[in-house]
Amino acid sequence: MNLIEHLPVLQVILPLLSAPFCILMRGHMLAWAIAVVASGAAFAVSLSAASIVADGATLTYAVGGWAAPYGIALEVDAFSALMTMIISGASLLALIAGMASIRQQLPEEKQSLFFAAWLLAMAGLLGISVAADAFNIFVFMEISSLASYVIIAAGPHRKALGAVFKYLAMGTIGATFYLIGVGLIYLMTGTLNLDDIALRVANVSDPHPVLLAAGFITIGLALKAAVFPLHVWMPAAYNYAPHVVSAFIAACATKVSLYVLFRFDFTVFQPNLSGHEFQFGHFMMPLALIGILFGAIVAALAKDLKRLLAWSSVSQIGYIVLGASMTSEAGMTSAIIHMFNHALAKGGGFLIAMGAALYYTTTRFSNLAGLGKEHPWLSGAFVVIGCSLIGVPGTAGFISKWMLVNAALEQGGLGIFIIAVVVFSSLLAVIYVWKVVELFYFEPRPEGASSNAVVVKTPEKLLFMMVVMLVAAANVWFGIFPGEPLALASQAASMLTGGAL
Amino acid sequence: MVEILNIFIMLMLVITALAMVSSRHLFVTVMLSGIFSLLIAASFLLLDAADVALTEAAVGAGISTVLFLGALALMDVEETTRGVRRIRMVSLIVVAVTTIFIVHATFYMPAFGDINAPIHQHVAPWYIQHVPIHMDIPNIVTGILGSYRGYDTLGEVFVVFTAGIGVLSILGDPIKNRQHRPAHNRGLRHYLIPRLVGRMLIPFIILFGLYVQFHGEYSPGGGFQAGALVAAAIILYALLEGEDKALQVIPMRVLYIMMASGALLYGGVGVAALLMGGNFLDYSVLASTPVAGQQWGILLIEMGVGLTVTGVLITIFHAFAARSNL
Amino acid sequence: MDVATTLGWLAAILMLIGAFFTFVGGLGALRMPDFYTRMHAASLTDSAGPIFILIGLMLISETWLVAIKVFTILVFLLITGPTASNALASASLLAGNKPGLANDQSEAE
Amino acid sequence: MLWVELYHYWVFAILLMIGLFGVIAKRNLVKKLVGLSLFQSAVFLFYITMGKVDGGTAPIVGMTDSTDVFSNPLPQVLILTAIVVGISTTALGLSIVVRIKEAYGSIEEDVIHEKDRAE
């Protein structure tokens with residue numbers, strides 16, 4: 001058996017089939033161990049797949065031995081390899097760092113179910129990333145969504161329930177919209193395989209239903225990706241989820257929906273519908289620009305660290321959409337590299353929120369003052385990650401902003417306006433990051449503030465700090481040596497926009 | 001003639017849907033949604049989708065209604081607020097605009113039933129032609145579901161599995177929830193006639209479930225429909241004799257194992273194919289000839305589907321029932 | 001007239017009778033004054049209607065297998081229908097819903 | 001006649017929109033879920049409709065004459081999966097509603113918002 005050949009399917013089934021074992025295990029530590037091992041294995045698979053596809057190759061796999069379009073095909077190219085790395089990496093790091101936090105927030109008897117759902121969420125996201133079949137994407141989207149609802153609803157606050165219900169309603173509408181779009185495309189082309197659709201959609205009898213399909217798919221996926229103004233479910237869901245879940249979901253969940261949106265739009269619709277690039281760009285760009293500013297403003301007004309980070313995500317997703325809405329190779333590169341860099345920064349940010357909650361119970365600002373003196377390493381890591389969120393040179397966030405500005409310059413007069421918005425929103429980012437830094441370093445610890453909610457065991461603490469330091473260091477490392485992710489991103493962008501030429 | 005029946009059912013569907021959304025009494029809404037499911041199942045049958053009709057009837061009209069009723073037992077059945085006027089206006093506009101877009105696009109779609117439409121020319125004819133060759137089973141839907149698109153069905157099983165562990169995680173373990181209260185729930189013990197008739201029916205329902213399970217290659221049916229039927233039989237038992245009795249017959253531990261082992265059986269068949277030199281879920285390598293391998297593979301994965309679905313549906317029922325008696 | 005045509009006519013008449021019963025049942029469920037009388041109307045005709053309709057269907061079924069299947073459906077309907085009505089009525093009684101009797105009505109007036 | 005060819009699609013559009021209206025406009029959580037499942041059912045109808053072939057039969061070989069025209073089996077397979085997804089979503093949604101009712105004492109969104117704000 002040649003393992004390399006089976007990499008695309010192993011990527012999905014390793015975590016997927018580990019999930020049932022989690023609920024069969026009585027011990028919660030054993031379930032945790034299974035989850036960590038499965039995430040690690042998925043991460044290893046994604047790394048080896050990435051090393052193969054980095055030079056532009058594509059790994060294809062026919063599930064069941066049936067060739068596409070009759071069977072379901074899996075495809076790993078540079079874009080999907082990058083996504084699988086983000087997903088499995090985020091899951092692995094969050095699980096390792098989150099031991100103490102899970103103990104703090106979840107009752108022991110629920111933990112094995114929690115880890116099973118976690119693995120299913122990850123497997124669903126991975127399944128979407130490697131799928132090359134429009135309906136298969138829907139199935140795995142639903143696995144990941146249902147599992148995400150479960151792990152978010154595990155949050156201890158009752159507001160988590162309301163947040164999850166909203167997420168469930170909007171997520172289902174989004175997925176069903178996507179399903180309608182796929183149905184319309186199937187009606188007009190008779191196939192579900194993405195490559196086959198791209199071939200046949202040019203020859204349809206009439207483009208109107210396909211345009212309607214494009215509309216449904218774009219809106220449905222934008223809903224799931226929390227693109228402004230369809231983001232309303234997202235801040236509450238991130239805010240009230242268990243801290244460890246926030247770190248994982250914020251790093252990858254919405255980005256996978258964007259990944260599907262980009263793949264669909266750039267490979268299926270744009271090459272085959274005349275003028276669709278224009279429609280896509282001019283539909284998404286205003287939303288992206290408003291989203292960037294709106295998210296940053298609300299984040300600057302937030303009074304809770306997790307809420308701040310969640311709203312900052314609205315703004316950062318705007319950057320990704322903005323890059324893509326230019327429909328140029330440079331713009332797409334900036335969008336894809338920002339997916340990676342934002343996952344690093346936002347995942348790290350939520351990890352620090354988790355640490356803060358571990359020591360001080362909540363993440364409310366009123367409760368966090370003076371963290372810098374008591375926990376200098378943690379707050380130091382936040383400064384680094386905050387710089388990355390702002391886009392300070394020398395951090396990963398700078399790379400994507402730099403690429404974005406470069407791409408905007410290609411757009412002529414409109415580009416100047418875009419750059420102005422980006423600069424202004426970066427200033428807003430400085431404000432909201434500075435608010436936290438000021439709180440950590442320049443305000444005294446309030447008298448009688450609660451602290452040390454749980455006894456954090458030394459190994460847990462060591463693992464947690466190790467992961468936080470690793471993420472902070474990665475934010476700097478990929479700011480100075482962006483080589484590998486940038487290579488994957490530009491490879492992916494040229495593949496996507498190459499189809500559009 | 002069939003066209004008239006079609007139009008009649010479509011009209012009924014729209015009327016029922018309107019009544020569902022406008023009724024202020026949740027109980028009425030839920031019962032209407034059961035009727036809606038039966039109507040739409042009839043419509044599926046008229047449209048030649050026998051498998052789908054069977055599933056919709058078992059799931060939409062059966063299981064889904066039971067779940068809604070189980071949840072309603074806990075809440076006020078009267079809808080008290082009418083909602084904000086502004087939101088209603090905005091949603092009306094959104095809905096109207098979307099309808100116009102869809103109806104506009106329908107004029108450019110292939111006509112209903114047109115055999116020259118692209119979907120009947122590409123991919124689908126290949127399935128109809130090749131299922132008898134590759135697997136030698138009459139039900140083409142089962143062939144596609146089990147083998148050509150078996151990976152989707154694997155996903156489907158895991159969706160059900162996720163729902164099972166999700167409900168358990170959100171509502172808590174039924175056994176633990178039941179410990180907090182006296183065992184006053186005796187089911188329908190004091191209703192003599194329903195109890196007797198119900199007990200008589202249970203074996204027949206299970207028998208029919210097994211028929212649907214193992215006859216799925218030849219006639220409409222398969223693991224999912226069978227799982228729903230068997231689960232319905234156990235749920236009926238729980239309603240008649242009380243959940244404590246039902247939990248004695250199939251304890252939670254067994255349900256956990258059923259949920260997990262069905263999913264693992266399905267995945268295991270795939271992995272076995274992988275180890276025997278084929279691709280994941282390539283059943284052809286499982287037996288001496290590819291056709292026999294396909295038949296074995298489909299039989300096994302359908303059993304996996306049936307196990308998981310039965311386990312999950314019973315678990316979900318117990319989880320809701322344990323809450324509503326608190 | 002050969003046998004098939006006779007059977008066809010017979011089946012049509014039986015089904016019309018069945019349809020009439022079902023229609024009357026629906027009318028009764030709408031027009032009767034209280035819960036029990038409504039249920040009475042619906043339950044009785046829900047048993048009578050299917051008997052005629054299904055026997056009619058059995059007469060025109062092409063093979064014996066189909067006829068046996070239809071007969072089985074009939075048996076199950078005859079068992080479950082009245083049971084459901086019984087359960088419904090006793091549930092209603094248990095919930096404190098008293099049947100409206102003639103003298104009650106005169107009191108109300 | 002045009003409307004005979006297309007009315008199935010229109011019914012789909014109408015049902016879809018009734019469901020969507022239910023989800024967006026209704027403030028009662030159970031009502032929202034009912035709307036959601038109505039919304040999904042409409043899509044099922046759409047898929048099954050497009051698979052129908054005039055004069056076709058259910059895609060089971062050998063049920064009747066072997067020369068039959070079959071309706072398209074693929075949409076049916078997709079919808080079997082989608083129905084399962086739908087009931088899973090409904091079950092999960094209902095369990096969340098049950099917890100919300102226990103935590104807030106109500107399943108009306110307005111009441112829940114008020115209680116959240118009062119905190």
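Residue numbering restarts at 1 for every chain, and letters A, B, ... go by the order of the sequence lines. Bear in mind that the values here come from a model prediction, so they are computed numbers and not experimental data.
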_Less than 4.5 Å to any heavy atom of chain A: does that hold for the side chain of B/His120, its backbone, both, or neither?_
neither
*Heavy-atom contact with chain B under 4.5 Å, split by part of A/Phe216*: side chain
*asked:* Would you say the ring centers of B/Tyr151 and A/Phe140 fall short of 6.0 Å from each other?
replied: yes
*asked:* Does any backbone or side-chain atom of B/Glu156 lie under 4.5 Å from a heavy atom of chain A? Answer side chain, backbone, both or neither.
replied: backbone
_Toward chain A, the part of B/Val160 with a non-hydrogen atom under 4.5 Å_ = neither
_From CA spacing to verdict: side-chain contact (heavy atoms from CB on, under 4.5 Å), A/Leu16, B/Leu154_ = CA-CA 10 Å; A/Leu16 196 65; B/Leu154 176 72; 4.1 Å; yes
*Would you give the length of the straight line joining atom OG of A/Ser144 to atom CZ of B/Phe158, rounded to the nearest 0.5 angstrom?*
14.5 Å
*Can you check salt bridge (Lys or Arg N to Asp or Glu O under 4.0 Å) on A/Asp133 and B/Arg149, steps first, answer last?*
CA-CA 10 Å; A/Asp133 185 283; B/Arg149 293 193 74 88; 2.6 Å; yes
*asked:* How long is the straight-line distance from CG of A/Leu192 back to CG of B/Asp152, given to the nearest 0.5 Å?
replied: 8.5 Å
_Region of A/Ala147 in contact with chain B, defined by heavy-atom distances below 4.5 Å_ = both
*Interatomic distance, B/Thr162 atom OG1 to A/Leu120 atom CG [nearest 0.5 angstrom]*: 4.0 Å
*Tell me, side chain or backbone of B/Thr98 under 4.5 Å from chain A's heavy atoms, or both, or neither?*
side chain
*To the nearest 0.5 Å, tell me how far A/Tyr149 OH sits from B/Ser169 OG.*
15.0 Å
*Heavy-atom distances under 4.5 Å only: say whether A/Ile151 touches chain B with side chain, backbone, both or neither.*
neither
*Below 4.5 Å from any heavy atom of chain A, which atoms of B/His134 appear? Answer side chain, backbone, both or neither.*
side chain
*Give me the ring orientation class for B/Trp126 and A/Tyr70: parallel if the planes are under 30° apart, tilted from 30 to 60°, perpendicular past 60°.*
parallel
*Is chain A contacted by the side chain of B/Tyr127, its backbone, both, or neither, given a heavy-atom distance below 4.5 Å?*
side chain
*If you measure from CG on B/Leu168 to CD on A/Glu109, what distance do you get to the nearest 0.5 Å?*
12.0 Å
*asked:* Within this structure, what is the CG-CG distance for the pair B/Asn279 and A/Leu74, rounded to the nearest 0.5 Å?
replied: 9.5 Å
*asked:* Would you say that A/Thr189 contacts B/Pro118 through its side chain, given a criterion of any heavy-atom pair below 4.5 Å between the two side chains?
replied: no
*Part of A/Ile72 lying under 4.5 Å from any heavy atom of chain B*: both
_So for A/Asn193, is it side chain, backbone, both, or neither that comes closer than 4.5 Å to the heavy atoms of chain B?_
neither
*Side chain, backbone, both or neither: which part of A/Val139 has an atom under 4.5 Å from a heavy atom of chain B?*
both
